[in-house]
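Everything on this sheet refers to the single structure shown next.
FYI, side chains are in, hydrogens and waters are out, and symmetry mates aren't considered; it's all heavy atoms of this structure.
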Amino acid sequence: MLERRVTLINELGLHARAAAQVVREARKYKSRVTLRRDDKAVEADAGSILDILYLAAGRGKDVTLGADGEDAMAALDAIEKLFLDGFGEI
């Protein structure tokens with residue numbers, strides 16, 4: 001499994017609209033994609049908006065993105081870009 005660590009930089013963190021962007025992006029890939037808030041032992045399926053919202057990841061929180069499968073690198077690149085762009089909010 002490939003992993004990358006990102007920090008939430010947008011004001012509202014991983015709220016519903018941002019989570020929906022992650023879900024849409026994750027579903028484009030064959031790989032299994034996960035998110036984990038670094039201070040919480042819960043792993044979220046990136047294809048499930050409810051899983052992502054359950055993380056309750058606010059601004060400044062670190063999130064580890066994980067992907068396993070044939071297009072894992074491309075999936076991580078795309079989802080990491082959403083985080084680095086602040087989900088288009090900054």
Side-chain angles (χ1 to χ4, degrees):
M1 176 173 276
L2 300 175
E3 291 188 339
R4 292 196 194 152
R5 188 174 183 193
V6 293
T7 302
L8 284 155
I9 59 172
N10 58 313
E11 186 68 31
L12 298 175
L14 205 47
H15 59 92
R17 191 178 69 76
Q21 288 181 51
V22 172
V23 170
R24 275 192 302 274
E25 198 60 42
R27 289 182 177 174
K28 292 178 183 178
Y29 300 93
K30 293 179 182 178
S31 294
R32 178 176 182 271
V33 182
T34 60
L35 286 81
R36 186 179 70 250
R37 199 171 101 184
D38 287 356
D39 62 344
K40 219 175 183 184
V42 178
E43 186 173 88
D45 175 358
S48 167
I49 194 165
L50 292 177
D51 275 10
I52 295 171
L53 291 175
Y54 182 71
L55 292 177
R59 183 179 189 177
K61 293 294 181 186
D62 292 326
V63 175
T64 298
L65 309 175
D68 190 27
E70 64 188 67
D71 54 1
M73 186 67 75
L76 284 182
D77 288 344
I79 294 171
E80 180 183 39
K81 185 170 178 4
L82 292 174
F83 280 81
L84 295 176
D85 291 342
F87 299 97
E89 297 172 11
I90 55 174

Q: Give the minimum heavy-atom separation between Ala18 and Gly13, together with the two atoms involved.
A: CB-O, 3.9 Å
Q: Would you mind listing every side chain to side chain donor-acceptor pair (under 3.5 Å) that reaches into residues 65-75, with sequence neighbours excluded?
A: Ser31-Asp71
(Q) Enumerate the salt bridge (Lys or Arg N to Asp or Glu O under 4.0 Å) contacts for residues 8-23, please, sequence neighbours excluded, ordered by first and then second residue. (A) Glu11-Arg59, Arg17-Glu89
Q. To the nearest 0.5 Å, what is the distance between CD (Glu43) and CG (Leu55)?
A. 9.5 Å
Q.
Hydrophobic clustering (ILVMFWY, side-chain heavy atoms < 4.5 Å, transitive) - are Leu65 and Met73 grouped together?
A. yes
Q: Output yes when Asp77 and Arg4 qualify as a salt bridge under the 4.0 Å nitrogen-oxygen rule, no when they do not.
A: yes
Q: Decide whether Leu82 and Tyr29 are clustered together by the hydrophobic rule: side chain heavy atoms of Ile, Leu, Val, Met, Phe, Trp, Tyr closer than 4.5 Å, transitively.
A: no
Q) Do other residues, nucleotides or ligands put more than 12 heavy atoms under 6.0 Å from the NZ atom of Lys81? A) no
Q) Do the side chain of Arg37 and the main chain of Lys61 share a donor and acceptor less than 3.5 angstrom apart? A) no
**Q.** Cluster check Tyr54, Leu12: I/L/V/M/F/W/Y, side chain < 4.5 angstrom
**A.** no
**Q.** Under 3.5 Å donor-acceptor, Arg27 side chain and Gly47 backbone
**A.** yes
Q. Which heavy atom in Leu53 sits nearest to a heavy atom in Ala19, and how many Å separate them?
A. CD2-CB, 4.0 Å
Q. How many angstroms lie between CZ in Arg36 and CZ in Arg5, if you round to the nearest 0.5 Å?
A. 9.5 Å
Q. Hey, what do you get for OG1 (Thr34) to CD (Glu3), rounding to the nearest 0.5 Å?
A. 7.0 Å
Q: Taking all heavy atoms of Ile49 and all of Val23, pick out the closest pair and write down the distance.
A: N-CG2, 3.6 Å
Q | Leu14/Leu35 under side-chain contact (heavy atoms from CB on, under 4.5 Å): CA gap, chis, key distance, verdict | A | CA-CA 11 Å; Leu14 205 47; Leu35 286 81; 3.9 Å; yes
Q. How is the hydrophobic cluster of Ile90 composed, in terms of its other members, when Ile, Leu, Val, Met, Phe, Trp and Tyr link through side-chain heavy atoms under 4.5 Å apart, directly or indirectly?
A. Ile9
Q) If you round to the nearest 0.5 Å, how far is CD1 of Ile52 from CD of Gln21? A) 10.5 Å
Q | Euclidean distance, Asp62 CG relative to Phe83 CZ, rounded to 0.5 Å | A | 10.5 Å
Q) Do you know which two heavy atoms are closest between Val33 and Ala26, and how far apart they sit? A) CB-CB, 4.4 Å
